[in-house]
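In what follows, a single structure is set out as structure tokens and then discussed.
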Amino acid sequence: MSMQKPTGTQDLLPGEVEKWQLIEEKARDVCRRFHYKEIRTPIFEHTELFVRGVGETTDIVEKEMYTFQDKGNRSLSLRPEGTAGVVRAYAENKLYGDPDISKLYYVGPMFRYERPQAGRYRQFHQFGAEVFGSTDPGLDAEVIALGYAIYKEIGLRDVTVEINSVGTPEIRAVYRTKLQEYLKPMLGELCRDCQSRYERNPMRVLDCKVDQHRFADAPSVIDYLDDEAAAHFTKVQSYLTAMDIPFRLNPRLVRGLDYYTHTAFEFKAAGIGAIDTIGGGGRYNGLVGEVGGPDQPGVGFGLGLERILLVLAAQGVELPAEPQLDVYLIALGDAAEAEAVRLAYELRGAGLKVDKDYTGRKMKAQMKSADRFAARYAAILGDDELAQGVITVKTLATGEQTAVPLGELANYVKANQ
RNA sequence: GCGGUCGUGGCGAAGUGGCUAACGCAUCGGAUUGUGGCUCCGACAUUCGGGGGUUCAAUUCCCCUCGAUCGCCCCA
């Protein structure tokens, strides 16, 4: 094997890429209805943006970034997630000057250096949305509803929403201390991962697959929320209920990015091996300020496109197949070939899906191609037809055949849709 | 970063320390002078991811390497 794609990347070939187009189309359509506008930001940014935005101690920044020096000795990184870049663009372009709040969406590749497995790649794709300029809990709910609506529009079944409130940084600091106090006595008995998580991110210990059963009486962040945070969280839930979006409270839900405040949520679905998260997000009221912008609140999510595709496949959801060819031109002889090249162009100009043979094979082989392409018509052009100014049109489904004047072919095909 | 499994033609998939590496699908050619889908006949891997080693002899055994895949950590 001479050249291979880098580990964790994929070639999306014809046949597969149509599914991506469809998913993106549907997601865009839902965003349009929710009045979100697309934003496109660079695929690489200054490394510092992610360090400050995503969090210095997160796994993403500590060990998963594709970081490189450019020729001007700047440290740049391929974006490992979408929010930081959008936040930067929002601040840099002073979108906060807009009298209305900014409702944005994006789609594109993200990069993380990790060992690939089912549903996880080094280059993967996210569809995300971010809203800036309001702390209204109605927006938290709208953003969750948007993600949920996208999954539904695409045809995913059994998507569940899990939500939690991680409060404010101050609340989290208090909670973190309480949690460590709670865990300390049993620290020696916990698994090795949990022992390291105890210092790094004690909230994650509660999520441990090995020791989870021990923490039934662990303190919950929700109990430490102040009145304002609690009220916010309550409202988010009541809005979701009003919209009839099924959600589950998960007081142990922790996200891997540092910037979340108040609402954190994940979309889950089965069917990707050991992984069940297909999207996640939350509110990030301090992030815009963190990357140098004004103190503007935000809330958003990211959906994993690969994971959507995987769950769709697991659920046996069939996406519409590629439409067939209208006409496949079969030319016999040099004169016919010349006319067929011209005719194909003419028919395409008339809006028809047309192709012809370019391998110079015999008629039988060309007919086989027409059949493989599921063409509605095979149009045969040889010396006889050329002499009479007609073309033999065969309806492949029925085998019927008729001579049509060359200039009438486009109309004939259109009239018999 | 760590661990399991795997790597044979365009695809799927047998196989054995030793003569010409099954089979299925696809493809191409023929039966059919200019007509597809069905049928029949024929063709299609000097080679078994790459490198090294053991051996008289390796696709088959060993080592390394690259890749795929699944899992851990973490996450989309």
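Keep in mind the model is a prediction, meaning the values are calculated, not measured.
Seen from the ring of A:F124, A:R112 does not count as a face-on cation partner, given the 6.0 Å and 45° thresholds.
Figure legend. B:rG17 is base-paired to no nucleotide; pairs are counted as Watson-Crick or G-U wobble with both atom distances under 3.5 Å. Using N1 to N3 plus N6-O4 or O6-N4 for Watson-Crick, or N1-O2 and O6-N3 for G-U wobble, each under 3.5 Å, B:rU69 pairs with B:rG4. As the counterpart of B:rU27, B:rA43 is assigned, both hydrogen-bonding distances of the Watson-Crick or G-U wobble pattern falling under 3.5 Å.
Between A:T7 and B:rG67 there is a side-chain N or O to OP1 or OP2 distance below 4.0 Å. Close to B:rC28, at under 4.0 Å from its OP1 or OP2, lies a side-chain N or O of A:R361.
Under 3.5 Å, the side chain of A:Q117 and the base of B:rA68 form no donor-acceptor pair of N or O atoms. For a distance-only test at 3.5 Å, the side chain of A:R307 qualifies as a donor-acceptor partner of the base of B:rC75.
Look at CG on A:L310: it is 11 Å from P on B:rU69, rounded to the nearest Å. Rounded to a whole Å, the CZ atom of A:R122 is 18 Å from the P atom of B:rC74. Rounded to whole Å, the distance from NZ on A:K5 to C1' on B:rU69 is 12 Å. Atoms CG (A:L303) and P (B:rC75) sit 17 Å apart, rounded to a whole Å. If you take CG of A:D276 and P of B:rC75, they are 13 Å apart, rounded to a whole angstrom. Between the P atom of B:rG67 and the CD atom of A:Q10 lies a distance of 16 Å, rounded to the nearest Å. Taking atom CD1 on A:I308 and atom C1' on B:rA76, their separation rounds to 9 Å, with Å as the unit. Between A:E162 atom CD and B:rC75 atom C1' the separation is 15 Å, expressed in whole Å.
With 3.5 Å as the limit, one finds no donor-acceptor pair spanning the side chains of A:R115 and A:T7. Between the side chains of A:T277 and A:E266, at least one donor-acceptor pair of N or O atoms lies under 3.5 Å. Checked by atom type, the side-chain pair A:Y182/A:D217 shows a donor-acceptor distance below 3.5 Å. Between A:S75 and A:E48, the side chains place no donor N or O within less than 3.5 Å of an acceptor N or O (distance only, hydrogens not considered).
If you run ring pair (Phe, Tyr, Trp, His ring centres under 6.0 Å) between A:F267 and each of A:F127, A:Y148, A:Y151, only A:Y151 comes through.
Taking atom P on both nucleotides, B:rG49 is separated from B:rG10 by 13 Å, rounded to a whole Å. Comparing B:rU60 with B:rU27, their C1' atoms sit 30 Å apart, to the nearest whole Å. Distance check on atom P: B:rU59 versus B:rU20 gives 13 Å, rounded to whole Å. Across B:rA26 and B:rC38, the matching P atoms stand 8 Å from one another, rounded to whole Å. Taking the C1' atoms as reference points, B:rG9 lies 33 Å from B:rG3, given to the whole Å. Comparing the P positions of B:rC70 and B:rC25 gives a spacing of 29 Å, expressed to the nearest Å. For the P atom pair drawn from B:rU55 and B:rA13, the interatomic distance equals 35 Å after rounding to whole Å. B:rG1 and B:rC62 have their C1' atoms separated by 27 Å, given to the nearest Å.
Comparing atom distances between the A:Q4 side chain and each of B:rA76, B:rG67, B:rC2 picks out B:rG67 as nearest. Closest contact between the side chain of A:A365 and the listed nucleotides B:rG67, B:rC72, B:rG29 involves B:rG29.
No more than 12 heavy atoms of other residues, nucleotides or ligands sit less than 6.0 Å from atom OH of A:Y345.
Within 4.0 Å (heavy atoms only), A:G8 reaches sugar-phosphate atoms of the nucleic acid but no base atom. Within the 4.0 angstrom heavy-atom criterion, no nucleotide atom of any strand lies near A:G128. Here A:A274 lies in heavy-atom contact (under 4.0 Å) with sugar-phosphate atoms only. Among the atoms of the strands shown, base atoms are found under 4.0 Å from some heavy atom of A:E114.
Each of A:A118 and A:E306 lies near RNA chain B, and the nucleotide nearest A:A118 is the one positioned closer to the 5' end.
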How does protein reach along nucleotides 33-38 of chain B, written 5' to 3' as B (base within reach of a heavy atom under 4.0 Å), S (only sugar-phosphate), or - (no contact)?
-BBBB-

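Checked against salt bridge (Lys or Arg N to Asp or Glu O under 4.0 Å), A:R176 has no partners two or more places apart in sequence or in another chain.
For residues 147-156 of chain A, the pairs satisfying salt bridge (charged side-chain N to carboxylate O under 4.0 Å, His left out) are A:R33-A:E153, with sequence neighbours left out.
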